[in-house]
Chemist: 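Handing you a structure now.
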Amino acid sequence: MTESYQPHDIEVKWQRKWEESQLYRSQVDWSKPKHYALTMLPYPSGDLHIGHWFAMTPSDARARWMRMKGYNVLFPMGFDAFGLPAEQAAISRNIHPWKWTYANIERMREQLRSMGAMFDWEREAISCTPEYYKWSEWFFKKFYENGVAYRGSALVNWSETLQTVLANEQVIDGKDERTGQPVVHKMMEQWFFAITKYADELLNFEPLDWPESIKIMQTNWIGRSEGARATFHTEVGGYPIEIYTTRPDTLWGATFMVLAPEHDLVQTITTDKQRAAVESYVEQTALETEIERMVEDREKTGVFTGAYAINPVNEERIPIWIADYVMITYGTGAIMAVPAHDQRDFEFARAQDLPVRVVIQPAEADEPLHGDTMKEAYVGPGAMVNSDAMDGSDSAWAKGRKNPAINRVIDWLEETGKGEEAVNYRLRDWLISRQRYWGSPIPMMFDDGKVIPVADEDLPVELPEDVDFAPTGRSPLTYHEPFFKVDEKLRRETDTLDTFMCSSWYQLRYLSPDCDTAPFDAEEAAYWLPVDVYTGGAEHAVMHLLYTRFFTKALRDIGIFDETAEAMRRHGRDPDCAFDEPMTVLRNQGQVLGGERQGDFVLCSGAQIGGKLLADRVEVVGWNDVPAGFDGVFGEIAHRTENVLHVDMAGITQFVEVQPDAEIIIPDIPGANNVNQLRHHLEIQRMSKSKGNVVNPDELVAEYGADAVRCYLMFNFDWQKGGPWNESNIKGPQGWLRDVWEIAAAGAPAGAGDPDAERDIERKLHQAIAVINRGLEEFSFNTAIAEQMKFKNSLKAALRQGGIGAETWREVMNQLVRLLAPFAPHVAEEIWARLGWEYSVHTQPWPQYDAEKAREDMVDLVIMINGKPRETIAVAVDIERERAQELALASGAAQRFLKGAAPKRAIFIPGRNGSDPKVNIVP
RNA sequence: GCCUCCGUAGCUCAGGGGUAGAGCGCUCCCUUGGUAAGGGCGAGGUCAUGAGUUCAAAUCUCAUCGGAGGCUCCA
């Protein structure tokens with residue numbers, strides 16, 4: 001073993017060997033504890049991104065570590081292969097989605113192999129294959145049969161850009177989550193999953209070890225609130241209007257009602273006199289996008305319907321308005337407005353000159369509140385007033401029944417039949433239909449509006465290949481007669497399933513991807529389920545991660561896991577609670593961001609008009625290379641919007657508007673230049689092709705080797721945080737691997753060694769094992785690698801000093817290579833082989849931490865005066881209080897500060913887990 | 001506006017009531033038969049700011065400032 005470290009030769013060699021020897025084949029073995037490690041499957045977009053490496057290789061290292069610790073580990077990989085990009089490729093490049101997707105998968109498989117991960121490819125699952133989506137369809141049918149899937153009419157999010165409806169979770173700030181384009185509300189009949197049935201169970205995170213932030217986001221998303229429902233009736237016609245409120249204690253303060261413009265009753269109750277105004281307002285609202293409707297501090301608008309309602313609590317006659325600040329999608333789409341105690345109602349009342357009546361009077365106010373003089377709604381505690389028999393009830397800060405006033409009012413509402421306690425959720429049912437081609441078909445047929453499920457034996461309903469993909473607002477399948485026309489009467493559903501449905505159960509398909517009699521094999525499931533550790537991005541907090549929890553619970557209730565539970569019992573495993581949650585532990589990796597980029601340094605000349613320079617000449621020059629006497633604007637381009645440059649001129653931003661016919665000189669870019677070629681300063685931000693700061697993992701592997709890339713990603717970031725890319729830092733891990741290689745290549749030392757030095761290296765080894773274990777356990781990969789580097793440095797120093805004998809060297813190397821194996825699997829395997837040990841290092845047991853060996857003999861006793869360290873004395877590790885205090889008081893530092901006087905106190909702090917013992921003397 | 005997390009060396013990050021740490025980078029020296037490299041020595045920090053608790057605060061508490069993410073007419 002003499003040649004230098006050449007990663008490429010060894011990496012491909014071992015990847016082949018591992019595959020040939022089926023090293024990572026994982027099979028059920030009830031004699032061993034199982035560990036199902038799962039990392040989110042990629043969408044086959046065409047190229048593996050550095051983000052995939054960042055997500056997957058640390059997870060791989062941890063899975064490998066679990067395996068060496070004696071677990072039977074399943075670490076599968078697959079593709080979430082349905083979705084819009086494939087369809088867009090079909091439209092723009094005339095490639096069939098199937099072909100496009102498959103070519104990408106082929107390519108990505110190869111790229112994934114270059115990671116050297118321990119994926120068991122025999123378990124690969126691809127969601128767009130008929131073998132897979134047969135079961136997506138089958139699950140849909142089961143949901144339908146059990147009332148979990150239903151067809152309903154609702155106001156849904158429609159994306160003009162994507163020409164399809166979207167689930168609420170896929171709309172952020174009124175914009176489609178993928179393209180950032182606005183969505184509008186449309187009334188449509190669609191398929192839904194009844195996720196709201198599980199709202200309460202989904203709020204229970206007790207069985208889960210998940211990041212706090214994800215649990216909070218899901219909790220907020222579900223948005224449970226407690227209150228009451230009450231029914232108002234219109235004065236004319238007696239139509240019931242149900243309202244939901246979290247403040248039933250303010251019912252007596254309702255001075256008007258507001259319906260969402262989309263509310264069913266609007267047409268019915270509007271008086272002829274108001275009809276024109278109401279209809280025009282409804283129309284205007286319908287045209288608004290969600291974004292427009294969500295603008296903050298927007299003036300409240302609305303129109304009176306001409307109708308009145310009777311408040312059931314006091315028989316009062318109050319006007320009914322419509323306004324777009326009331327959402328049809330929340331609660332009942334109608335509210336009682338209590339302007340004195342709700343800020344939105346207050347703003348509306350002031351804008352429309354409606355009365356404000358105080359019904360909660362704060363106790364410690366200087367002057368009682370009065371509706372005419374209030375500047376804002378009062379939402380704090382107080383006593384109920386103007387509320388008939390309820391007057392005097394104590395309304396506290398607490399919500400729901402915990403608030404005495406609310407509690408009393410709810411009891412009264414229920415006794416008198418005027419209302420009832422109610423819980424409301426922000427969460428809506430999951431809209432699952434998509435007007436797209438490239439998704440799993442929905443196995444349903446219609447016969448004159450009657451819904452008929454496709455028979456099980458006819459599954460899967462396969463996607464036809466010869467379709468026209470042009471987006472028309474309807475699924476391309478609507479134009480494919482052989483698909484939708486089953487016979488003269490029967491018509492097939494032509495919408496497809498949201499791809500999030502396919503990824504809600506993929507963890508089950510990995511168990512037995514070839515099973516054609518069931519979605520998964522019960523024997524496999526009995527052993528492997530649930531997923532023990534799940535890793536992936538936090539961006540799926542309220543989409544995939546909420547859906548898959550719901551999916552699992554629904555499957556459990558439908559009885560899909562009954563056979564699995566039976567198998568568990570046969571093998572002596574308790575199935576209780578095993579199917580409540582899909583993934584026990586969840587950890588999110590952060591994001592690898594692009595590196596910083598300097599903006600061009602420019603000289604701009606032209607006419608200064610108003611606050612800006614109208615430039616007719618812009619020249620890119622060297623940094624700070626300003627000719628003497630230059631009187632225009634010069635500096636770094638901090639930002640550019642179209643032709644307006646924000647130039648940072650010695651810390652002050654100058655605005656430069658580049659004229660259309662301006663001369664632009666960029667020496668690096670030959671020929672005529674235009675304003676778009678001027679580069680502005682880039683803060684550290686997401687990598688994207690448009691920003692030109694993407695990092696290609698294939699090139700990195702070619703340059704540094706997969707092991708160095710793996711280790712760099714694990715070492716240079718806090719995995720759960722992510723951070724900016726800085727390629728020069730890859731030298732650290734690279735140098736570490738080369739050093740380990742060279743220590744191994746140098747062979748066993750010839751000298752006899754020194755017992756003290758050998759004891760010391762053994763101690764450091766065991767200290768390192770402890771830190772590495774903790775790092776892997778806690779997903780702190782960076783600390784685990786830093787510790788290995790430290791240990792390598794210690795070993796190198798000891799070897800240089802000739803302190804290590806051949807026997808100790810072999811023992812230490814044996815342990816060191818095993819410690820290296822999960823992080824840098826290829827080089828570890830190569831060194832292991834070259835040192836003559838049996839294939840494979842990856843099937844070796846993980847080094848056992850020995851606290852006795854890690855223990856220090858001598859430590860420094862720190863002598864502190866008033867908490868400030870002043871002196872140290874070498875003492876035995878197990879020094880006792882009295883002896884330590886004695887030594888401390890006798891020390892030079894103590895003598896100097898005490899000057900013979902007796903100390904006020906002398907506090908002994910024993911050394912524990914690695915820290916030195918201390919004595920603090922207070923003179 | 002509300003919620004969560006975070007401010008430690010030039011950079012990326014550990015630590016966390018009891019001596020301020022790692023890797024990279026940097027300085028200087030050595031090597032010039034590992035060479036678009038190797039070895040050695042070293043410098044660098046009021047632990048965001050201010051107050052409080054304590055014998056002792058980077059660490060705990062509160063406030064302020066700064067950063068990241070999420071929610072937001074939710075009745």
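Naming: A, B, ... by sequence-line order, numbering from 1 per chain. Everything numeric in this text was worked out from a predicted model, so none of it was measured.
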Chemist: To the side chain of Lys721(A), which of U72(B), A14(B), G15(B) is closest?
Modeler: A14(B)
Chemist: Quick one: the side chain of Asn220(A) and the base of C3(B), do they pair up donor-acceptor inside 3.5 Å?
Modeler: no
Chemist: Describe, in one word, how the ring planes of Tyr378(A) and His341(A) are oriented to each other, choosing from parallel (under 30°), tilted (30 to 60°) and perpendicular (over 60°).
Modeler: perpendicular
Chemist: Look at all strands and tell whether Ile216(A) reaches a base, only sugar-phosphate, or nothing, counting heavy atoms closer than 4.0 Å.
Modeler: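 Sugar-phosphate: the residue Ile216(A), judged by heavy atoms under 4.0 Å, touches backbone atoms but no base.
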Chemist: Which value, in whole Å, describes the distance between the C1' atoms of nucleotides C30(B) and G66(B)?
Modeler: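 45 Å, rounded to whole Å.
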Chemist: So, does Lys790(A) get its side chain near the phosphate of G21(B), meaning an N or O under 4.0 Å from OP1 or OP2?
Modeler: no
Chemist: Regarding Glu777(A) and Arg774(A), does a basic nitrogen lie under 4.0 Å from an acidic carboxylate oxygen?
Modeler: no
Chemist: What is the glycosidic conformation of G44(B): syn, defined as within 90° of 0, or anti?
Modeler: syn
Chemist: Measure from CZ on Phe717(A) to C1' on C13(B) and round the result to the nearest Å.
Modeler: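 Nearest whole value for this atom pair: 11 Å.
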Chemist: Can you identify which nucleotide, out of C73(B), C55(B), A14(B), has its nearest atom closest to the Asn782(A) side chain?
Modeler: A14(B)
Chemist: For the rings on Tyr712(A) and Phe717(A), is their centre-to-centre separation under 6.0 Å?
Modeler: yes
Chemist: According to salt bridge (Lys or Arg N to Asp or Glu O under 4.0 Å), who are the partners of Lys790(A), at least two apart in sequence or on a separate chain?
Modeler: Glu787(A)
Chemist: U72(B), C55(B), C74(B): which one has an atom nearest the side-chain heavy atoms of Tyr330(A)?
Modeler: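 Of the candidates, C74(B) comes closest.
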Chemist: Of all of residues 342-351 of chain A, which get a heavy atom below 4.0 angstrom from RNA chain B, listed by number?
Modeler: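 Nucleic-acid contacts, sorted: Arg344(A).
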Chemist: What interatomic distance, in whole Å, is found between P of A43(B) and the corresponding atom of C55(B)?
Modeler: 36 Å
Chemist: Do NZ/NE/NH1/NH2 and the carboxylate oxygens of Lys796(A) and Asp739(A) come within less than 4.0 Å?
Modeler: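 Yes, Lys796(A) and Asp739(A) are salt-bridged.
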Chemist: Measure across Leu737(A) and Ala824(A) and return the closest heavy-atom pair with its distance rounded to 0.1 Å.
Modeler: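 Taking Leu737(A) first and Ala824(A) second, the nearest heavy atoms are CD2-CB, 3.8 Å.
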Chemist: Look at the side chain of Asn793(A) and decide which nucleotide, out of C13(B), C55(B), G23(B), has an atom nearest to it.
Modeler: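 The closest nucleotide is G23(B).
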Chemist: How close do Ala323(A) and Pro261(A) get, counting heavy atoms only, and between which atoms?
Modeler: O-CD, 3.2 Å
Chemist: Pick the closest RNA chain B nucleotide for Gly732(A) and for Met217(A) by heavy atoms, then say which residue is nearer the 5' end.
Modeler: Gly732(A)
Chemist: Between which residue ranges does RNA chain B form stems of three or more consecutive Watson-Crick or G-U wobble pairs, both distances under 3.5 Å?
Modeler: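 Correct response: B:1-7 with B:65-71, B:10-13 with B:21-24, B:28-30 with B:38-40, B:48-52 with B:60-64.
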Chemist: Is Arg738(A) near enough to G38(B) that one of its side-chain N or O atoms lies under 4.0 angstrom from OP1 or OP2?
Modeler: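 Answer yes for this pair, as a side-chain N or O of Arg738(A) is under 4.0 Å from OP1 or OP2.
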Chemist: Can you check the Gln734(A) CD to A36(B) P distance for me, whole Å?
Modeler: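 Answer to the nearest Å: 14 Å.
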Chemist: Measure from the side-chain heavy atoms of Arg800(A) and tell me the nearest of C3(B), U72(B), G39(B).
Modeler: G39(B)
Chemist: Say whether Asp429(A) and Thr196(A), considering side chains only, have a donor N or O and an acceptor N or O under 3.5 Å apart.
Modeler: yes
Chemist: Nearest to the Val922(A) side chain among G39(B), C73(B), C55(B), which nucleotide is it?
Modeler: C55(B)
Chemist: With C1' as the reference atom in both, quote the distance from A22(B) to C29(B) in angstrom, rounded to an integer.
Modeler: 24 Å
Chemist: Between C55(B), A75(B), A14(B), which nucleotide gets closest to the side-chain atoms of Asp718(A)?
Modeler: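 So the nucleotide nearest the side chain must be A14(B).
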Chemist: Taking donor-acceptor contacts at under 3.5 Å, does the side chain of Lys300(A) reach the base of C73(B)?
Modeler: yes
Chemist: Please state the P separation for the pair G44(B) and A63(B) - nearest whole angstrom.
Modeler: 37 Å
Chemist: Have a look at Lys215(A) and say if it touches a base, only the backbone sugar-phosphate, or nothing, with a 4.0 Å heavy-atom cut-off.
Modeler: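 Touches nothing.
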Chemist: Without decimals, in angstroms, what is the distance between Asn588(A) CG and G69(B) P?
Modeler: 15 Å
Chemist: Expressed in whole Å, how much space separates the C1' atoms belonging to A48(B) and A56(B)?
Modeler: 23 Å
Chemist: Taking the P atom in each of C11(B) and G1(B), what is the distance between them to the nearest angstrom?
Modeler: 30 Å
Chemist: Among G39(B), C73(B), G23(B), which nucleotide has an atom closest to any side-chain atom of Met789(A)?
Modeler: G23(B)
Chemist: Taking only N and O in the side chain of Arg426(A), is any of them less than 4.0 Å away from OP1 or OP2 of U72(B)?
Modeler: yes
Chemist: For atom C1', what is the distance between A51(B) and U46(B), given to the nearest Å?
Modeler: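 Roughly 16 Å separates the two C1' atoms.
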Chemist: Would you call Arg587(A)-Asp209(A) a salt bridge at under 4.0 Å N-O?
Modeler: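 Judged by the 4.0 Å cut-off on N to carboxylate O distance, Arg587(A) and Asp209(A) do form a salt bridge.
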Chemist: Tell me the interatomic distance from Met714(A), atom CE, to G23(B), atom P, rounded to whole angstroms.
Modeler: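 So the CE-P distance, Met714(A) to G23(B), works out to 19 Å.
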Chemist: When we call it a touch if two heavy atoms are under 4.0 Å apart, what does Gly537(A) touch: a base, just sugar-phosphate, or nothing?
Modeler: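 Here Gly537(A) touches no strand at all.
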Chemist: When the aromatic ring centroids of Phe715(A) and Phe781(A) are compared, is their separation below 6.0 Å?
Modeler: no
Chemist: On a whole-Å scale, what distance lies between the C1' atoms belonging to U53(B) and C60(B)?
Modeler: 8 Å
Chemist: With no hydrogens and no angle check, just 3.5 Å: does a side-chain donor-acceptor pair link Tyr425(A) and Ser225(A)?
Modeler: no
Chemist: Mind calculating the distance between CD (Gln720(A)) and P (G69(B)) to the nearest angstrom?
Modeler: 17 Å
Chemist: Taking the basic N atoms (NZ, or NE/NH1/NH2) and the acidic carboxylate oxygens, is any pair closer than 4.0 Å for Lys402(A) and Glu226(A)?
Modeler: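 The answer is no: the pair does not qualify as a salt bridge.
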Chemist: Separation of Glu226(A) atom CD from A75(B) atom P, in whole Å?
Modeler: 12 Å
Chemist: What contact category does Gly223(A) fall into here, base, sugar-phosphate, or nothing, at under 4.0 angstrom with non-hydrogen atoms?
Modeler: nothing
Chemist: Starting the side chain at C-beta, find the nucleotide from G39(B), A75(B), A14(B) nearest to Thr783(A).
Modeler: A14(B)
Chemist: Can you tell me the distance, in whole Å, between the CZ atom of Phe232(A) and the P atom of A75(B)?
Modeler: 16 Å
Chemist: For the residue pair Tyr330(A) and Tyr244(A), does the interplanar ring angle fall in the parallel (under 30°), tilted (30 to 60°) or perpendicular (over 60°) class?
Modeler: perpendicular
Chemist: Heavy atoms only, 4.0 Å cut-off, all strands: where does Arg428(A) land among base, sugar-phosphate and nothing?
Modeler: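 The residue Arg428(A) makes no contact with any strand.
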Chemist: Which whole-number value in Å describes the distance from Leu713(A) CG to C13(B) P?
Modeler: 13 Å
Chemist: Could you check whether Met864(A) gets within reach of a base, just the sugar-phosphate, or nothing at all, counting any heavy atom under 4.0 Å?
Modeler: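 Met864(A): base contact, heavy atoms under 4.0 Å.
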